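See below for the structure under consideration.
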Amino acid sequence: MTNSICSNICDVMEILEKRGLNTGATGNISVKSEDAINITPSGLSPAELGPEKIVSISISGEYRGRWRPSSEWRIHTEIYKRYIGVGAVIHMHSPYATALSCHCIDVPAFHYMVGAIGGDNIRCAAYETFGTKKLSEVVVVALQERMACLMANHGMLAVGPDLSSALETAMLVEELSKQYLLSKTIGDPILISKQEMSVVVGKFQTYGSQNA
Ligand SMILES: [Zn+2]
């Protein structure tokens, strides 16, 4: 089982690079398994990756073997500690989300699909130095009742019950970031009201269900 998890992680890293969502060794992915967290190694590009180089770490970050885990392993472990329903985490420096993150702003309810992330905005976690516990703490706060957040002057992060849903959410956040930036080029977009967004978020909670 862990082998297939490691292959899936490598596949998704490759998809992110092919789609221009990550470049070189930036970004990282983890997937929780029964007894460990499987995470991309530090400093390797997708071309250098292989399932055998995915690092298995404990919830407190201990690991064995030749490959060191991503320098952002603390973000991943803190998320799994705090949100038990999360099974996968994707962090990337995708162009549009990163561009927005450099303005340190929350993405408001300019489009109803913002509600698919869990509320009436996509928060931007405060700036902290990469690889620090402080960064993991601000990201955990920004993820409250959300499936993704921006990270100030850095990039974005998405979570999901499994890797494919985390990937879908990560791509949605990048798309929404692109649309928000475009809409800002001709002024401030008209925002959807809080009341309407609570209706939208309610609908997303049953979205995909055949009984909805
Ligand atoms: Zn990063």
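Counting starts at 1 for both ligands and their atoms, following the listed order. The structure presented is a predicted model; accordingly, all values stated were derived computationally and were not measured.
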> Under 2.8 Å from the Zn ion (ligand 1), which protein atoms of type N, O or S occur, listed by chain and number?
Replying inline: His91 NE2, His93 NE2, His154 NE2
> Looking only at side chains, do Glu196 and Ser193 share a donor and an acceptor under 3.5 Å apart?
Replying inline: no
> Is the His154 to His91 ring centre distance short of 6.0 Å?
Replying inline: yes
Please output the side-chain donor-acceptor pairs of residues 12-20 that fall under 3.5 Å, not counting sequence neighbours, one pair per line with the distance.
residue, atom, partner, partner atom, Å
Glu14, OE2, Lys18, NZ, 3.1
Glu17, OE2, Gly24, N, 3.0

>> Show every side-chain hydrogen bond (donor to acceptor under 3.5 Å, both in side chains) that has at least one partner inside residues 175-186, sequence neighbours left out.
In response: Lys184-Asp188
> For Arg68, what residues pass the salt bridge (Lys or Arg N to Asp or Glu O under 4.0 Å) criterion, not counting sequence neighbours?
Replying inline: none
> Among Ile90, Leu172, Asp11, whose side chain to side chain contact (heavy atoms under 4.5 Å, CB included) with Leu167 holds?
Replying inline: Ile90
